[in-house]
Amino acid sequence: MPELPEVETIRRDLTKHVVGKLVQRVEVRKAKLIQGSRAVFRRALIGARITRVSRRAKQLILELSSGYVALVHLKMTGQLVWRSRGGMLTVGGHPIISVNTVPNKFTYVTLRFSDGSALFFNDVRQFGYWRAVPLAELAVVHAHLGPEPLSSAFTPQVFWAALQRRGRTTIKAALLDQSVVAGIGNIYADESLYVARLRPSRRVASLRTVETAALFRAICSVLRKAVAARGTSFNSYVDGLGRQGTYWERRLVYGRTGEACRRCGTLFKRTVVAGRGSHWCAHCQH
DNA sequence: CGGAGTGTTAGTCG
DNA sequence: CCGACTAACACTCC
């Protein structure tokens with residue numbers, strides 16, 4: 001599901017609601033969604049306060065007063081729903097699941113807070129996971145991840161160097177590789193490649209310096225705009241406050257197969273690259 | 001009804 | 001080591 005802009009949006013919303021909350025109870029209804037020891041997971045959370053909500057790549061990080069962090073990955077269909085004591089719902093994540101009742105049959109993890117509010121984790125496909133990690137080990141757990149594209153660690157030089165490691169593959173596969181850049185998924189890979197005028201199937205080794213530079217700028221600009229729009233994942237639902245992400249209407253190529261390219265009017269193609277549906281303009285992208 | 005497709009990624013196989 | 005492919009699962013769409 002969510003890529004960097006969506007997870008970042010959830011992080012910001014969640015921060016407002018859960019920071020400072022004391023975890024009173026933890027309910028796990030599907031043990032396999034908890035990575036590692038369930039006992040450690042419960043110990044890390046129960047009785048702890050949430051001190052901060054951060055993000056790395058597509059993972060949410062609930063920082064806890066116990067010295068642990070709880071990592072949450074939503075994968076394809078994960079969803080976090082916060083419910084106030086009064087019953088108000090706030091949603092982040094995948095829109096498939098009806099939120100009118102929580103918990104529902106897709107609710108697999110629940111955190112109950114001492115003030116009567118609760119955080120529900122729903123996941124239709126059950127690909128997502130939660131994991132407790134000592135704060136001191138977080139860097140090791142995330143060692144395989146590349147730079148955050150919206151941070152100062154992401155520079156043209158760093159990007160170029162990371163791409164060198166994936167010279168033989170396609171640029172699409174490289175963008176989806178979280179060790180190259182952290183947080184890009186299928187939608188923003190296609191959007192960035194369109195802006196940079198590069199075909200998804202281009203071999204990384206064939207990229208010229210100016211093309212790599214254009215792609216670097218495209219990634220930054222696409223992700224920045226998507227974050228500002230609160231992402232795309234929330235297109236088919238409106239939460240209790242009437243908010244929804246608006247990038248979906250503004251997307252340039254993703255899911256626009258057969259529609260006209262706004263630059264040249266050519267109809268967009270859809271092919272499979274790196275095993276993923278890829279959308280692109282055969283005239284503008286080379 | 002059957003088959004393909006879905007915003008992810010860890011693991012396997014060559 | 002590297003890259004391609006698939007499984008994990010439930011549901012929608014054609």
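Everything numeric here is computed off the predicted structure, so don't read it as measured data. In what follows, chains are A, B, ... by sequence order, proteins preceding strands, each numbered from 1.
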Next on the checklist: Using the ring centroid of each side chain, check whether His279(A) and Tyr254(A) are separated by less than 6.0 Å.
Outcome noted: yes
Item to check | Pairs touching residues 149-160 of chain A that satisfy salt bridge (charged side-chain N to carboxylate O under 4.0 Å, His left out), sequence neighbours left out | outcome: none
Item to check | Nearest-angstrom distance from the residue atom CG of Asp123(A) to P of dG7(B) | outcome: 15 Å
Next on the checklist: Checking side-chain polar atoms at under 3.5 Å, does Tyr108(A) have a donor or acceptor matched by the opposite partner on Gln126(A)?
Outcome noted: yes
Item to check | Atom-to-atom span, CZ of Arg276(A) to P of dG5(B) - whole angstrom | outcome: 13 Å
Checklist outcome for this item: Here the distance between atom P of dT9(B) and atom CG of Leu71(A), to the nearest Å, is 13 Å
Item to check | His283(A) NE2: over 12 foreign heavy atoms closer than 6.0 Å | outcome: no
Checklist outcome for this item: Dot-bracket assigned to DNA chain C with the 3.5 Å Watson-Crick/G-U criterion, [ ] for crossing and | for other-strand pairs, is .|||||||.|||||
Checklist outcome for this item: Per-nucleotide protein contact along nucleotides 4-10 of chain C, 5' to 3', at a 4.0 Å heavy-atom cut-off (B base, S sugar-phosphate only, - neither), is S---BBB
Check residues 60-73 of chain A and write down every donor-acceptor pair under 3.5 Å in which the side-chain atom is one partner and the other belongs to a residue at least two apart or another chain.
| residue | atom | partner | partner atom | Å |
| --- | --- | --- | --- | --- |
| Glu63(A) | OE1 | Arg52(A) | NE | 3.3 |
| Glu63(A) | OE2 | Arg52(A) | NE | 3.3 |
| Glu63(A) | OE2 | Arg52(A) | NH2 | 3.4 |
| Glu63(A) | OE2 | Ser54(A) | OG | 2.8 |
| Ser65(A) | OG | Arg49(A) | N | 2.8 |
| Ser66(A) | OG | Ala44(A) | O | 2.7 |
| Ser66(A) | OG | Tyr68(A) | N | 3.4 |
| His73(A) | ND1 | Lys75(A) | N | 2.9 |

Next on the checklist: Does a side-chain N or O of Lys58(A) approach OP1 or OP2 of dT8(B) to a distance below 4.0 Å, or not?
Outcome noted: yes
Checklist entry - With nearest nucleotides of DNA chain B determined for Val272(A) and Ile184(A) from heavy-atom distances, which residue corresponds to the more 5′ nucleotide? => result Val272(A)
Next on the checklist: Quick test of your reading: applying salt bridge (charged side-chain N to carboxylate O under 4.0 Å, His left out), list the pairs with at least one residue in residues 170-184 of chain A, sequence neighbours left out, ordered by first then second residue.
Outcome noted: Arg166(A)-Asp177(A), Lys172(A)-Asp190(A)
Next on the checklist: Tell me whether Glu27(A) is salt-bridged to Arg112(A), with the criterion being a basic N under 4.0 Å from an acidic carboxylate O.
Outcome noted: yes
Checklist entry - In whole angstroms, how far is the P atom of dA10(B) from the CD atom of Gln178(A)? => result 8 Å
Item to check | Between P of dG7(B) and NE2 of His279(A), the distance in whole Å | outcome: 8 Å
Item to check | Distance below 4.0 Å between His73(A) side-chain N/O and dT9(B) OP1 or OP2 | outcome: yes
Checklist outcome for this item: From the list Arg202(A), Arg199(A), Arg217(A), Arg203(A), salt bridge (Lys or Arg N to Asp or Glu O under 4.0 Å) partner of Glu211(A) resolves to Arg202(A)
Item to check | Ring centroid separation Phe121(A) to Phe106(A) under 6.0 Å | outcome: no
Checklist outcome for this item: Whole-Å distance, Leu4(A) CG to dT8(B) C1', equals 14 Å
Next on the checklist: Base, sugar-phosphate or nothing for Arg251(A)? Non-hydrogen atoms, less than 4.0 Å.
Outcome noted: nothing
Checklist outcome for this item: The side chain to side chain donor-acceptor pair (under 3.5 Å) partners of Thr257(A) (sequence neighbours excluded) come to none
Item to check | Between dG7(B) (P) and Gln79(A) (CD): distance, integer Å | outcome: 18 Å
Next on the checklist: Work out how far the P atom of dC13(C) is from that of dG7(B), and round it to whole angstrom.
Outcome noted: 15 Å
Checklist outcome for this item: Here the distance between atom P of dT8(B) and atom CG of Leu33(A), to the nearest Å, is 18 Å
Item to check | Between dC9(C) and dT12(B) - P atom distance, rounded Å | outcome: 16 Å
Checklist entry - Taking only side-chain nitrogens and oxygens of Tyr188(A), does any of them come within less than 4.0 Å of OP1 or OP2 of dG7(B)? => result no
